[in-house]
Peer 1: 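Okay, here's the structure, questions in a sec.
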Amino acid sequence: MCGIVAYVGYREAFPLILKGLKRLEYRGYDSSGVALLEGDKLNIYKKKGKVSDLESELAGKHLTATIGIGHTRWATHGEPNDVNAHPHYSNNRRLSIIHNGIIENYASIKQNLVKKGHVFLSDTDTEVLVHFIEDIQNETGDTLESAVKLALKEVFGAYAIVVMSADHPGQLIAARKGSPLVIGVGGDEFFFASDATPIVEYTKDVVYLDDYEVAVVKDGKLNIQNLDNTETIPYIQKLEMELETIEKGGYDHFMIKEIFEQPRSIADSMRGRLNAADAHLQLGGLNGYLDKLAAAERIVIVGCGTSWHAGLVAEYLFEELARINVEVEYASEFRYRNPVIRKNDIVIAISQSGETADTLAAIELAKSKGATIFGVCNVVGSSIARATHAGAYTHAGPEIGVASTKAFTAQVTVLTLIAIATAKRKGTINEEMYRQLLAELENVPQKVNEVFENASRIKEIAFIFTYARNFIYLGRGLNFPVALEGALKLKEISYIHAEGYPAAEMKHGPIALIDEDMPVVFLATKDSSYEKIVSNIQEVKARKGRVIAIVTEGDTLIPGMVDFVIEVPKVHEILTPLLSVIPLQLLSYYIAVMRGRNVDQPRNLAKSVTVE
Ligand code: M6R
């Protein structure tokens, strides 16, 4: 969703902000803009469309300011156009603002300001906020910093903002509540951004702003206070991110780079945690919580999209290995119910970005009911990582493609580690099984590499089905969430309608859709439901459906029954999703590329959904 980049220091701000906005493009947006303090004038330049459109518009302009704010907007209030794009001016044009989030009570504030003579140019809630700040300054005669705080005390909703004033050269004021904001601390320069990707090139020293904190950079110094003026000492952390992890590195798209990174990202999610030779399994984040997990009567898993699918895989793992009852909930539904949380329940929140608004709200709700919350997040220092009591990072590295790929396999890997560790502590698996699972897990990265050997075959299949209008994905057991994930991947990047179902459910409705035009992807690996899946394949073939089957290598039965097969190596059944999902990611990617889609930034989608 929206992206923030701001800079104050000695460099030219415009090229730096533009580059930063490009780094944030993956978040999803529909317009962009910058405000620069040039002499004593705030000049705003903004444009509907891509950051490159803004760049072309400004090509040849002599923009030498060393302070500025920039934004990519994902429309909420008001259609995507030049006027609604950020930054916005205040009434007297001496202030400008960029904002991520939603000011829920903007309408009533706007009404009052209109009565006082304020003239609004856009339909946005953001413009109201900057007018409101100016109005408070006029009414109280207070400093800009106080006016910002007073305004923020009055607004409901979520925000990350940066405010720049023509009357205070060298000063930027930033604040957050519910939307992320990272401050990069360089020598004599400061960077503000929605995540660290625009910053890492310049400094690895960062401060993650907390909710209700206001950061002021003035006279080359950073000061952080809360809305009640209590000062906090900025806690500077070192970024572990490397620049090459946020660049395409020779690939056409981030998505394909990230798919091919999975042997490494899966290995990274186990690094330092698992050593099969010594039967060693330890997750630092579980320290002090493993007994709680082992004693849990119930685990409630919350997440959205792909993270929810990883939760469904975990349901099987915890039930099978640790014999714990698990419920997997869409965070967006959970947060608006009145869920029953018991004393010994554990809530696991799964999120790649760590910023998903619904998941954050679900965590807060579960917390308020006394639950212990465990987070499985990818982005270090993210809001969800900080809102949970304990957690384990997935260490997949930055995921830039909107379609989640390596984050899913890293989530499943970490959840598998947690389930095995819990089962061991509980005594629900024996030593032999424990050692076997650890050894098999260690081999997964190598096996993922073997799946890649089928990439050109998958490309051929993608070519045949490029213009299919629908797809059905079917799987049973651990392959059911994989079917859901395969369907989600296809629809989000190729815009082909796709449905995932438990294979046995087909007879209860979807079978009516089957004819010679319906491609059906079966997850048909050799596992405990193999015979059942074979019957389901026959039912589809009897109705002339065109079947693509993901099978275990060496399978001699299914290849004789279906139209296309893609083999994956044999693996312990528990670990199947880590391999069976890979061909589905590749199939979606190749189909989307062949259809000419914008694979990394599909229409209407945002990488992290920071509004509900
Ligand atoms: O960052 P999160 O894991 O919390 O994001 C959840 C979903 O928005 C995300 O998985 C989404 O469904 C992806 N686009 C799927 O590829």
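Positions are given from 1 along the sequence. Both counts, for ligands and for their atoms, begin at 1 and track the order of listing.
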Peer 1: Which heavy atom of the protein is the closest neighbour of atom 8 (O) of ligand 1, given with residue, atom name and distance?
Peer 2: Val609 CG2, 4.0 Å
Peer 1: Verify, without hydrogens or angle tests, whether Glu399 (side chain) and Gln352 (backbone) share a donor-acceptor contact under 3.5 angstrom.
Peer 2: no
Peer 1: Please report the closest heavy-atom contact between Ile461 and Ile548, naming both atoms and the distance.
Peer 2: CG2-CD1, 3.8 Å
Peer 1: Distance to 0.1 Å, residue and atom name: give those for the protein heavy atom nearest to atom 14 (N) of ligand 1.
Peer 2: Glu492 OE1, 2.8 Å
Peer 1: Is Arg457 salt-bridged to Glu460, cutoff N-O under 4.0 Å?
Peer 2: yes
Peer 1: Please determine whether any non-hydrogen atom of His309 lies less than 4.0 Å from an atom of ligand 1.
Peer 2: no
Peer 1: Using a 4.0 Å cutoff against the non-hydrogen atoms of Thr306, which atoms of ligand 1 qualify?
Peer 2: 10 (O), 12 (O), 15 (C), 16 (O)
Peer 1: Quick one, Val182 and Phe191 - any side-chain contact, counting heavy atoms below 4.5 Å?
Peer 2: no
Peer 1: Quick one about Lys489 and Thr306 (side-chain donor to acceptor, distance below 3.5 Å, no hydrogens or angles considered), yes or no?
Peer 2: yes
Peer 1: Can you list the atoms of ligand 1 that are under 4.0 Å from a heavy atom of Val402?
Peer 2: 13 (C), 14 (N), 16 (O)
Peer 1: Under 4.0 Å from any heavy atom of Ser307, which atoms of ligand 1 are there?
Peer 2: 2 (P), 3 (O), 10 (O)
Peer 1: So is Ser608 in contact with ligand 1, going by heavy-atom distances below 4.0 Å?
Peer 2: no
Peer 1: Does the cation-pi check pass for Arg595 over Tyr495, that is, NZ or CZ under 6.0 Å from the six-membered ring centre and within 45° of its axis?
Peer 2: no
Peer 1: So which protein heavy atom does atom 1 (O) of ligand 1 come closest to, and at what separation?
Peer 2: Ser353 OG, 2.6 Å
Peer 1: Suppose we measure from atom 5 (O) of ligand 1 to each protein heavy atom; which comes out shortest, and what is that distance?
Peer 2: Thr356 OG1, 3.5 Å
Peer 1: Under 4.0 Å from any heavy atom of Lys489, which atoms of ligand 1 are there?
Peer 2: 15 (C), 16 (O)
Peer 1: Ignoring hydrogens and angles, state whether a donor on the side chain of Thr409 or Gln262 is under 3.5 Å from an acceptor on the partner side chain.
Peer 2: yes
Peer 1: Say whether, by atom type as modelled, one donor and one acceptor occur between the side chain of Asn454 and the main chain of Glu567 under 3.5 angstrom.
Peer 2: yes
Peer 1: Between the main-chain N or O of Ser383 and the side-chain N or O of Glu355, is there a donor-acceptor pair closer than 3.5 Å?
Peer 2: yes
Peer 1: Against heavy atoms of Gln352, which atoms of ligand 1 measure under 4.0 Å?
Peer 2: 1 (O), 2 (P), 3 (O), 4 (O)
Peer 1: Considering only the protein, which heavy-atom contact is closest to atom 12 (O) of ligand 1, and what is its distance?
Peer 2: Gly305 CA, 3.3 Å
Peer 1: Just which atoms of ligand 1 are under 4.0 Å from any heavy atom in Ala403?
Peer 2: 16 (O)
Peer 1: Nearest protein heavy atom to atom 6 (C) of ligand 1, by residue and atom, and its distance?
Peer 2: Cys304 O, 3.2 Å
Peer 1: Just to check, does Thr359 reach to within less than 4.0 Å of ligand 1 when the distance is taken from its heavy atoms?
Peer 2: no
Peer 1: Looking at Asp53 and Lys50, is any side-chain nitrogen of the basic one under 4.0 Å from a carboxylate oxygen of the acidic one?
Peer 2: no
